[in-house]
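Worksheet: one structure, shown below.
In what follows, every chain begins at residue 1, and chains take the letters A, B, ... in the order their sequences are listed. As the structure is a computational prediction, the values presented were derived from the model and not from experiment.
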Amino acid sequence: MGKQYWLMKSEPDAYAWGQLVKDGTGIWDGVRNHTAKLNLMAMKKGDEALFYHSNIGKECVGIMEITEESFPDPTAEEGSPWVVVRVAPVRALTHPVTLAAIKAEPRLADMDLIRQSRLSVGRVTPTEWQLILKMSETAAG
DNA sequence: GCCAACGTTGGC
DNA sequence: GCCAACGTTGGC
């Protein structure tokens with residue numbers, strides 16, 4: 001299988017893109033939803049993910065790489081099913097791609113982000129990924 | 001196993 | 001602040 005693409009949400013109040021850049025690497029902890037967990041478990045080292053700021057900003061702001069595949073979430077109770085992956089920032093998007101811009105693009109209407117708005121870790125198809133990156137080069141949203 | 005009540009997420 | 005979506009809990 002080729003590289004897979006993902007979108008991961010964080011409220012910037014809790015953990016922002018800038019913090020990940022500052023930290024250099026981080027674990028994506030706190031996921032407590034089974035669908036999101038399955039996505040974390042499906043991630044492979046070298047996959048790439050969009051960092052999305054939920055609530056404040058509501059936009060994709062950067063690209064991360066998965067640097068370590070899923071392992072138990074140290075912030076969860078022992079024996080619980082929750083997992084984390086390790087991520088590292090790759091680069092900021094030239095311009096953030098806003099939720100409004102994604103909603104305005106019919107070719108992105110099937111994204112997990114749109115169809116299942118509460119899902120914090122979603123899949124992005126290669127086609128969707130290329131389109132979002134292209135949008136990030138040309139517009140601020 | 002069904003469903004009402006309730007809590008959380010996240011957009012508006 | 002409100003509400004829709006959706007997950008969880010608990011009564012039956």
> What's the shortest heavy-atom distance between D73(A) and G30(A), and which atoms?
Replying inline: OD2-N, 3.0 Å

> Where does the chain A footprint on DNA chain C start and end, counting 5' to 3' with a 4.0 Å heavy-atom cut-off?
Replying inline: dA5(C) to dT8(C)

> Between H34(A) and W82(A), what is the ring plane arrangement, given parallel below 30°, perpendicular above 60°, and tilted in between?
Replying inline: tilted

> In terms of side-chain heavy atoms, does T127(A) have a donor or acceptor partner in R107(A) at a distance below 3.5 Å?
Replying inline: no

> What are the two closest non-hydrogen atoms of A101(A) and V97(A), and how far apart are they?
Replying inline: CB-CG1, 4.5 Å

> When all nucleic acid strands are considered with a 4.0 Å heavy-atom cut-off, which category describes L99(A): base, sugar-phosphate, or nothing?
Replying inline: sugar-phosphate

> Within a strict 4.5 Å, meaning less than it, do heavy atoms of the L7(A) and E128(A) side chains meet?
Replying inline: no

